[in-house]
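Notes to accompany the following structure.
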2 protein chains.
Amino acid sequence: MTIEKTTISDVAKYAKVSKSTVSQFLNERYEYMREETRERIEQAIEELNYQPNNVARSLKLKSTATIGVIVANILHSFSTQVIRAIEDTLNENDFSTIICNADDNPKKEKNYIETLLARQVDGLIVFPTSGNRELYKRLVDSNFPIVFVDRYVNGLNSDAVMLDNEKAIHMAIEHLLTNGYEDIAVLTTSIDTAVVPRVERVQGYKSAMKRFDLPIREAYIKSRDLPVLKKGIAELFKLEKPPQAIVSGNDLTLMEFLKYASEHDLKIGSDVGLVTIDEVNFMEIHNPPITTIAQPTFEMGEKAVELLLDKFDDSNQSEGAQIYRFDPSIIVRKSAEKAGVRI
Amino acid sequence: MTIEKTTISDVAKYAKVSKSTVSQFLNERYEYMREETRERIEQAIEELNYQPNNVARSLKLKSTATIGVIVANILHSFSTQVIRAIEDTLNENDFSTIICNADDNPKKEKNYIETLLARQVDGLIVFPTSGNRELYKRLVDSNFPIVFVDRYVNGLNSDAVMLDNEKAIHMAIEHLLTNGYEDIAVLTTSIDTAVVPRVERVQGYKSAMKRFDLPIREAYIKSRDLPVLKKGIAELFKLEKPPQAIVSGNDLTLMEFLKYASEHDLKIGSDVGLVTIDEVNFMEIHNPPITTIAQPTFEMGEKAVELLLDKFDDSNQSEGAQIYRFDPSIIVRKSAEKAGVRI
DNA sequence: CTGAAAGCGCTTACAG
DNA sequence: CTGAAAGCGCTTACAG
């Protein structure tokens with residue numbers, strides 16, 4: 001089963017040179033190499049079908065050229081999209097990516113951080129849960145290259161790539177108001193664990209209501225864990241004054257709402273207006289098509305990689321960590337139009 | 001920026017023992033270790049905040065405990081689901097996973113295979129394109145642990161985890177027939193590159209038609225690349241006798257069909273019956289909800305890992321490679337019911 | 001019960 | 001232009 005690999009020594013012997021010279025060749029330092037030597041090595045590598053061992057290289061170089069990515073919840077399509085961008089960008093820069101899914105579970109997350117560090121990843125990009133502040137603090141304090149995405153960890157001086165969540169909610173609400181919906185409710189997953197985007201989206205809801213001189217009704221704010229969110233939605237529509245429109249915090253909360261709506265024969269648009277954050281492929285084919293506040297997922301992933309790679313560049317003095325906010329954009333479709341009404 | 005790591009030597013010095021003894025401790029070989037020694041080492045590790053370096057360990061052990069996963073197209077939700085299962089299962093067995101997306105591009109795929117091998121992954125799980133037969137052949141012939149998922153590479157004696165594609169199509173067609181649809185067309189992505197499941201699905205279509213004594217109309221078989229599939233769909237409905245129902249090969253072809261249907265005001269169910277392969281979250285909330293032939297994605301991912309790990313077990317003589325076929329199941333919803341007609 | 005030594009497969013000053 | 005030597009951080013027979 002075990003295949004004896006051919007090593008650099010085999011190549012050296014075969015080409016009748018030293019290991020050093022082969023190594024020079026492998027690292028493309030041809031400057032002082034005779035044409036003939038180069039060809040001999042080239043041939044030896046070919047004949048022996050030699051494949052360099054990167055583990056050995058990594059050990060010597062103290063760099064593995066791999067980045068660990070830990071995502072809180074890979075089922076969330078925003079995450080998949082950003083990860084896709086991260087992997088692409090990293091790959092372009094000759095880095096490998098190890099993707100881990102923490103399932104919103106701090107224990108799993110901790111475990112992943114530790115095994116990634118043991119594997120000597122050169123840096124970490126993480127969508128953090130809020131359960132490992134101390135661990136992250138230690139990493140950040142010791143200057144280990146790390147950048148956060150989507151969420152940040154409170155009180156840590158580290159880079160983070162975030163959506164402008166307040167703006168996102170404002171856009172959603174403004175669109176709804178323009179289209180004649182006034183009593184607007186917001187749906188997010190639970191904010192008990194203080195996950196930043198959810199908190200910001202709820203705050204954004206409140207500030208938007210204030211800005212548009214509308215009352216803030218606590219009963220219109222439903223932040224619940226996914227399995228019990230539908231109950232919350234039901235409560236909303238049992239209210240004396242049920243909402244005329246819904247802002248859904250992401251694609252997962254949207255699914256719950258859509259299920260509720262179809263079970264209760266609520267017509268999207270005419271019965272309830274709807275805008276959701278996060279663009280997913282099925283928005284377009286839903287009937288009616290769903291108006292969406294999209295995050296620039298590709299740019300966000302790219303930025304995260306860029307920030308991380310900058311840290312490897314010694315010439316770049318760390319000029320203090322920052323939170324980078326990205327602008328959402330609205331994709332107007334039909335879910336926030338009352339029957340017949342056109343803007 | 002670089003943090004000097006504490007190494008096993010530091011721990012040894014601090015605990016006043018040799019590196020060997022620390023290593024014994026790390027590998028939990030306590031048999032011959034004095035209680036007191038153990039405690040001293042434990043403390044030293046704690047004090048120095050020592051983290052073992054897995055790269056060094058891997059080099060010595062010639063095993064990295066990591067598996068490379070190469071997926072042909074990560075945008076395909078079947079792949080995401082299987083990968084999720086693979087990662088979970090691997091993680092339970094203390095293996096790391098490196099996921100790479102080949103984008104259905106043999107060149108990218110080749111590149112990934114090479115870098116994964118250079119990184120000394122212990123094995124490979126791959127959803128192969130059909131462009132690297134020779135490379136895969138070399139790997140399989142040299143006994144490198146590899147298992148294929150979803151597709152296999154022709155003429156290679158290797159394990160593969162596959163859907164019973166013929167059965168899947170038969171189930172779809174039988175369901176459609178039972179519900180009163182007779183003229184049935186099938187949609188898949190292009191079969192020019194001979195990607196196995198597509199080919200099998202088209203074959204399955206033909207064998208099903210034969211089995212049910214229906215004519216096989218070539219014009220009802222549309223196998224096109226995604227960007228031009230919609231044109232193929234249009235052709236279908238311009239036929240003298242347009243199909244009464246559609247079997248969609250996967251979630252991506254489904255999207256194209258759904259877009260076409262909504263643009264042309266085709267009512268799913270009453271105007272055209274529809275069954276698709278691959279269960280995705282939005283099937284349920286689509287209007288009408290979509291009847292689906294589901295693949296047992298979790299079991300398939302789990303099986304792939306199991307087959308791979310078996311190869312590491314020397315006691316298991318390789319009893320010849322096999323193709324493992326998994327049974328699809330049907331999730332009946334409303335997209336294959338004519339208005340008013342109930343089964 | 002514990003330590004000295006060799007070695008995994010590379011890279012990199014340094015010498016010549 | 002090329003080679004000998006040391007070393008990256010571990011593990012594992014082997015000796016005592």
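Heavy atoms only: backbone and side chains are in, while hydrogens, waters and symmetry mates are out. Per chain, numbering begins at 1; letters A, B, ... match sequence-line order.
- Applying the side-chain hydrogen bond (donor to acceptor under 3.5 Å, both in side chains) test to pairs two or more places apart or on separate chains, those with a residue in residues 49-58 of chain B are N27(B)-R57(B).
- Remark: side-chain polar atoms of D159(A) are paired, donor with acceptor, to backbone N or O of Q322(A) under 3.5 angstrom.
- Contacts of T37(A) with the nucleic acid, taken as non-hydrogen atoms under 4.0 Å apart, involve only primed sugar atoms and P, OP1 or OP2.
- In terms of the ring-ring contact (aromatic ring centres under 6.0 Å, His included) criterion, F298(B) has no residue partners (sequence neighbours excluded).
- Remark: side-chain polar atoms of D122(A) are not paired, donor with acceptor, to backbone N or O of S63(A) under 3.5 angstrom.
- E114(A) has a carboxylate O that lies under 4.0 Å from a charged side-chain N of K110(A), or vice versa, which qualifies the two as a salt bridge.
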Quick one, give me the B/S/- string for nucleotides 7-13 of chain D, reading 5' to 3', where B means a protein heavy atom under 4.0 Å from the base and S means that only happens at the primed atoms, P, OP1 or OP2. BBBBBB-

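- Taking atom NZ of K13(A) as the reference point, atom C1' of dG3(D) lies 15 Å away to the nearest angstrom.
- Distance I41(A) CD1 to dC1(D) P: 13 Å, rounded to the nearest Å.
- Checking side-chain atoms of D150(B) against main-chain N and O of F127(B) turns up no donor-acceptor pair under 3.5 Å.
- Legend: residues meeting side-chain contact (heavy atoms from CB on, under 4.5 Å) with S130(A), ordered by chain and number and at least two apart, are T193(A), V195(A).
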Taking only distance into account, with no hydrogens and no angle test, what donor-acceptor pairs under 3.5 Å do side-chain atoms of residues 92-99 of chain A form with protein atoms, sequence neighbours excluded?
{"unit_1": "N93(A)", "atom_1": "ND2", "unit_2": "T89(A)", "atom_2": "O", "d": "2.8"}
{"unit_1": "S96(A)", "atom_1": "OG", "unit_2": "R119(B)", "atom_2": "NE", "d": "2.8"}
{"unit_1": "S96(A)", "atom_1": "OG", "unit_2": "R119(B)", "atom_2": "NH2", "d": "3.2"}

Annotated structure of DNA chain C as dot-bracket, pair cut-off 3.5 Å, Watson-Crick or G-U only, | for inter-strand, is |||.||||||||.|||

